[in-house]
Amino acid sequence: MNAETPAQTMNAFQDVTRSLSQLHLEHLAEPLAAAISAYVATHQRQLRALARPEPLTEAEETALEAVGVRVRTDMPDLSPLAGVAARLAAIHAGSIPLKAAAARLGVNPSRLRQRISARTLYALHRPGDRGWVIPAFQFNGETELAGFASVLPAIRADIHPVELERFLMLPQPDLGDASGAAMCPYDWLAEGRDPVALREMAAEI
């Protein structure tokens with residue numbers, strides 16, 4: 001396995017920065033870097049095996065694949081890692097600061113902190129642990145997504161933000177509209193449908 005030189009690594013990050021700039025998304029550079037750093041820090045034990053010159057064991061390959069790194073090729077495929085990190089950066093960038101979310105909902109910030117503790121509102125720490133932000137997928141326009149507060153406690157507390165967003169936005173076969181077409185949980189709740197139908201499903205993710 002050939003290791004990249006520092007110059008190649010720098011060029012790769014410059015390419016990412018250039019791409020973001022072309023899309024006028026420069027503001028995503030910092031949260032993207034923070035998301036990648038957090039991912040690597042969380043999974044450093046599994047990723048450390050990639051730095052060794054000897055072949056990976058089957059157990060090490062399994063551990064890496066469990067955190068989204070495909071390794072059954074000459075070079076490990078880190079694109080899943082990059083995809084998760086990019087989506088996490090986008091979630092952070094689109095999230096609403098706690099005070100702004102409180103103003104939108106017409107409550108005091110302390111009330112939202114209580115709800116975060118009670119797990120009826122999902123929140124993330126800003127990069128650098130500079131306070132809470134509220135991911136936008138919990139809002140329907142200017143209002144809170146109806147019923148999500150009663151679904152969230154059924155979801156495991158350590159769920160990754162990207163996994164939670166994916167659950168909300170992907171159509172679920174068990175949720176059908178009048179024509180029988182699968183609906184995503186977000187649309188199900190946005191249309192005012194019964195959140196009870198989501199709780200058992202949410203407990204399984």
Side-chain angles (χ1 to χ4, degrees), residues 23 25 28 31-32 35-36 38-39 42-43 62-70 72 77-98 100-107 111-125 132-205:
L23 295 170
L25 296 173
L28 290 182
L32 177 57
I36 293 174
Y39 186 97
T42 300
H43 302 297
T62 300
L64 283 163
E65 289 172 356
V67 298
V69 179
R70 293 193 295 273
R72 297 184 187 276
D77 181 4
L78 299 179
S79 58
L81 184 157
V84 169
R87 190 61 226 150
L88 180 58
I91 291 172
H92 270 285
S95 292
I96 305 161
L98 184 73
R104 181 180 293 194
L105 298 176
V107 298
R111 174 57 186 147
L112 294 193
R113 292 189 189 94
Q114 291 172 352
R115 290 190 53 191
I116 292 168
S117 296
R119 299 195 64 242
T120 62
L121 185 69
Y122 187 73
L124 301 171
H125 280 292
W132 294 107
V133 292
I134 312 301
F137 53 66
Q138 293 171 102
F139 287 87
N140 181 14
E142 293 298 309
T143 61
E144 190 173 359
L145 182 62
F148 184 64
S150 66
V151 175
L152 183 59
I155 299 172
R156 69 181 195 276
D158 64 347
I159 190 168
H160 192 280
V162 174
E163 188 179 4
L164 178 55
E165 182 193 51
R166 197 172 288 155
F167 166 71
L168 284 172
M169 299 304 177
L170 287 181
Q172 303 291 334
D174 293 336
L175 301 178
D177 62 14
S179 67
M183 298 180 68
C184 67
Y186 182 93
D187 288 342
W188 178 273
L189 295 174
E191 291 187 6
R193 297 173 183 261
D194 190 356
V196 173
L198 293 181
R199 288 178 194 155
E200 184 174 346
M201 188 182 306
E204 297 176 355
I205 63 173

*Asks:* Report yes if some heavy atom in the side chain of Arg111 is under 4.5 Å from a heavy atom in the side chain of Leu105; otherwise report no.
*Replies:* no

*Asks:* For the side chain of Trp188 and the backbone of Asp194, is there at least one donor-acceptor N/O pair under 3.5 Å apart?
*Replies:* yes

*Asks:* Output the distance between atom CD (Glu165) and atom CD (Gln138), rounded to the nearest 0.5 Å.
*Replies:* 11.0 Å

*Asks:* Which atoms form the tightest heavy-atom contact between Pro185 and Gln172, and what is the distance?
*Replies:* CD-CG, 3.6 Å

*Asks:* Do other residues, nucleotides or ligands put more than 12 heavy atoms under 6.0 Å from the CZ atom of Arg166?
*Replies:* no

*Asks:* With side chain to side chain contact (heavy atoms under 4.5 Å, CB included) as the criterion, how do Arg199 and Val196 come out once you've worked through the C-alpha distance, each side chain's angles and the decisive distance to 0.1 Å?
*Replies:* CA-CA 5 Å; Arg199 288 178 194 155; Val196 173; 3.5 Å; yes

*Asks:* Kindly assign one of parallel, tilted or perpendicular to the pair Trp132 and His125, based on the angle between their ring planes and the thresholds 30° and 60°.
*Replies:* parallel

*Asks:* Check the pair Leu98, Ile116 against side chain to side chain contact (heavy atoms under 4.5 Å, CB included), reporting the backbone distance first and the verdict last.
*Replies:* CA-CA 10 Å; Leu98 184 73; Ile116 292 168; 4.1 Å; yes

*Asks:* Test of understanding: with salt bridge (Lys or Arg N to Asp or Glu O under 4.0 Å), list the residues that count as partners of Glu142, not counting sequence neighbours.
*Replies:* Arg104

*Asks:* Is any side-chain heavy atom of Phe167 closer than 4.5 Å to one of Ile159?
*Replies:* no

*Asks:* Quick one: pull up CG in Leu168 and SG in Cys184 and give me the separation to the nearest 0.5 Å.
*Replies:* 8.0 Å

*Asks:* So which atom in Val133 and which in Pro97 form the shortest heavy-atom distance, rounded to 0.1 Å?
*Replies:* CG1-CA, 4.1 Å

*Asks:* Begin with the C-alpha distance, continue with both residues' side-chain angles, and end with the deciding distance and a verdict on side chain to side chain contact (heavy atoms under 4.5 Å, CB included) for Arg115 and Val107.
*Replies:* CA-CA 11 Å; Arg115 290 190 53 191; Val107 298; over 6 Å; no

*Asks:* In sequence, state the C-alpha distance, the side-chain angles, and the governing distance for Leu198 and Arg193, and then conclude on side chain to side chain contact (heavy atoms under 4.5 Å, CB included).
*Replies:* CA-CA 10 Å; Leu198 293 181; Arg193 297 173 183 261; over 6 Å; no

*Asks:* Rounded to the nearest 0.5 Å, what's the gap from CD1 on Ile205 to NE2 on His160? Could you check?
*Replies:* 13.0 Å

*Asks:* For Tyr122 versus Leu152, what's the shortest heavy-atom pair and its separation?
*Replies:* N-CD2, 3.4 Å

*Asks:* Within this structure, what is the CG-CD distance for the pair Leu88 and Glu163, rounded to the nearest 0.5 Å?
*Replies:* 12.5 Å

*Asks:* Might you point out which heavy atoms bring Ala202 and Val151 nearest each other, and give the distance in Å?
*Replies:* CB-CG1, 3.8 Å

*Asks:* Of all the heavy-atom pairs spanning Leu121 and Ile134, show the shortest one and how long it is.
*Replies:* CD2-CD1, 3.8 Å

*Asks:* Using every non-hydrogen atom in the two residues, find where Gly147 and Pro195 come nearest and quote the distance to one decimal.
*Replies:* O-CB, 3.7 Å

*Asks:* Working to the nearest 0.5 Å, report the span between CZ of Phe139 and OG of Ser95.
*Replies:* 9.5 Å

